[in-house]
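Notes to accompany the following structure.
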Protein chains: 2
Amino acid sequence: MKKSNKNAVGGPTALTCRSEETEPLRDLLAKIGDKWSILLLVALSRKPGYRARFSELQRSIDGISQRMLTTTLRQAERDGLLSRHVFAEVPPRVEYELTPLGLSLLEPIRTLIHWIGHNWDMIKEARISFDRRTP
Amino acid sequence: MKKSNKNAVGGPTALTCRSEETEPLRDLLAKIGDKWSILLLVALSRKPGYRARFSELQRSIDGISQRMLTTTLRQAERDGLLSRHVFAEVPPRVEYELTPLGLSLLEPIRTLIHWIGHNWDMIKEARISFDRRTP
DNA sequence: CCGGATCCTGGTCGATACTG
DNA sequence: CAGTATCGACCAGGATCCGG
C-alpha cells in the first residue's frame, strides 16, 4: 500500500483521507456522529456501573423520541458499546449499561467535550464575524 | 459567560444531557459530526501551515462531491476553523488553510482516531456476534 | 479550467397510534 | 413499561449546469 505519504509529510501524526484508510473513521462517524449516540453514551456515563432504564434515558436525553432512542440503543448495542439486560417481570424492565468498550470511548469523547468548553465562545464569535462580513 | 459552566462540560465525573448544557455539544456534533467535516480537517492537517486548493481537496477526500466540499468548506470557515485566501488571477486560485482554532480541534480528533485504531476490531467482532444471535 | 449555485431524489427523523 | 408500525416532512447530498 502507500505508506510513503504517511511519512513523507513529516507531521507527528500523519493522516490521510484515502477511503481505504479512513473507512473505520467514516464508519464510526456514521455511527456516533449522528444526533443522539454521543448524548446517549454521556447519559449512561453518569456514574461508574450506572444502569438506566429506557424511560429514564428518554427523560434524561432532552428531545429524543422513542423511536430514535430505540434505534440508537440498538446501534450501540450492536457495536458492543453497551449491554442490554432484560428482566422477565411484570411490568417489564430493561436496563442498559456501558460495556468496557463503551466506557473507553468516553475518553476521547470527554476530550472533545473539553475542547468545546474551551473554544465554544471563539466559535460563536467567528460565526458572528463571518455573518457580518458576508452579505 | 462560561464561568457558570461548573461541571457542565469537561467535568471528570458529572455529565448531564439537559439541553441547555449540551447545546454546544449538540451544535458541534451537528457541524463536525456530519459526513465530511472531520475528513476535511484531517485533509488540511497534512503539514503544518499546509494550504490546499479546492480541487486538491476534492481529490484527497475520496468520494466528496463539489457541492458538499463547498458547503463543508463554508461551514468550517464560518466557524473559524479554516481561512480562505482568494487570488485575483486567471485561472482563479483559492487556497484553504487551517486556523489555529481548527488546528487545535485536531487534537481531540486525533484522540478519537487513535481510539478507533485500537478498538475497531473489537467493534467489528461485536457486530458479527450481535448479528449472529439476532434473528 | 476553477469554484459556486440550482434542481431533485432518497434516506432519516419525528409524531402518532398500537402491542406484549 | 418498553418497545414496534406506519406515515409524512424535511434536508443531506449527488448530478448538473452556470459564472469568470
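Side chains included, hydrogens not; waters and symmetry mates left out as well; all remaining heavy atoms used.
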Side chain of A:Q66, heavy atoms from C-beta onward: which of D:dT4, C:dG14, D:dC17 has the nearest atom to it? D:dT4
A:D34 side-chain proximity, nearest of C:dG3, D:dG3, C:dC13: C:dC13
Between D:dA2, D:dC1, C:dG14, spot the one nearest the side chain of A:P91, thanks. D:dC1
Any salt bridge linking B:R51 with B:E97? Criterion: basic side-chain nitrogen under 4.0 Å from a carboxylate oxygen. yes
d(CD, A:E95; P, D:dA2) in whole Å: 9 Å
Separation of B:E77 atom CD from C:dG3 atom C1', in whole Å? 13 Å
Spacing of A:H85 atom NE2 relative to D:dA2 atom P, expressed in whole Å: 14 Å
Nearest whole Å is fine: how far is D:dA2 P from A:L69 CG? 10 Å
Has A:R84 got a side-chain N or O lying under 4.0 Å from the OP1 or OP2 atom of D:dG3? yes
Could you pick out which residue, B:M68 or B:P92, lies toward the 5' side of DNA chain D when each is mapped onto its nearest nucleotide? B:M68
Atom-pair distance (NZ on A:K31; C1' on C:dT12), nearest Å: 13 Å
Just to be sure I understand the rule, does A:F87 reach a base, reach only the sugar-phosphate, or reach nothing, if contact means heavy atoms closer than 4.0 Å? nothing
Selected nucleotide, minimal atom distance to A:R53 side chain, candidates D:dA2, C:dG3, C:dC13: D:dA2
To the nearest Å, give me how far apart CZ (A:R67) and P (D:dA9) are. 15 Å
Distance in angstrom units between B:L39 CG and D:dA12 C1', rounded: 16 Å
A:R74 side-chain N/O to D:dT4 phosphate OP1/OP2 under 4.0 Å: yes
Measure from OH on B:Y96 to P on C:dC2 and round the result to the nearest Å. 14 Å
Regarding A:K124 and B:D27, does a basic nitrogen lie under 4.0 Å from an acidic carboxylate oxygen? no
Closest heavy-atom contact between A:A43 and A:Y50? O-CE2, 3.6 Å
Out of D:dA2, C:dG3, D:dC1, minimum distance to the side chain of B:S55 belongs to C:dG3
Is B:D79 salt-bridged to B:K31, cutoff N-O under 4.0 Å? no
Under 4.0 Å between a side-chain nitrogen and a carboxylate oxygen: does that hold for B:E95 and B:R93? yes
Closer than 4.0 Å, any side-chain N/O of A:W36 to the OP1 or OP2 of C:dG14? yes
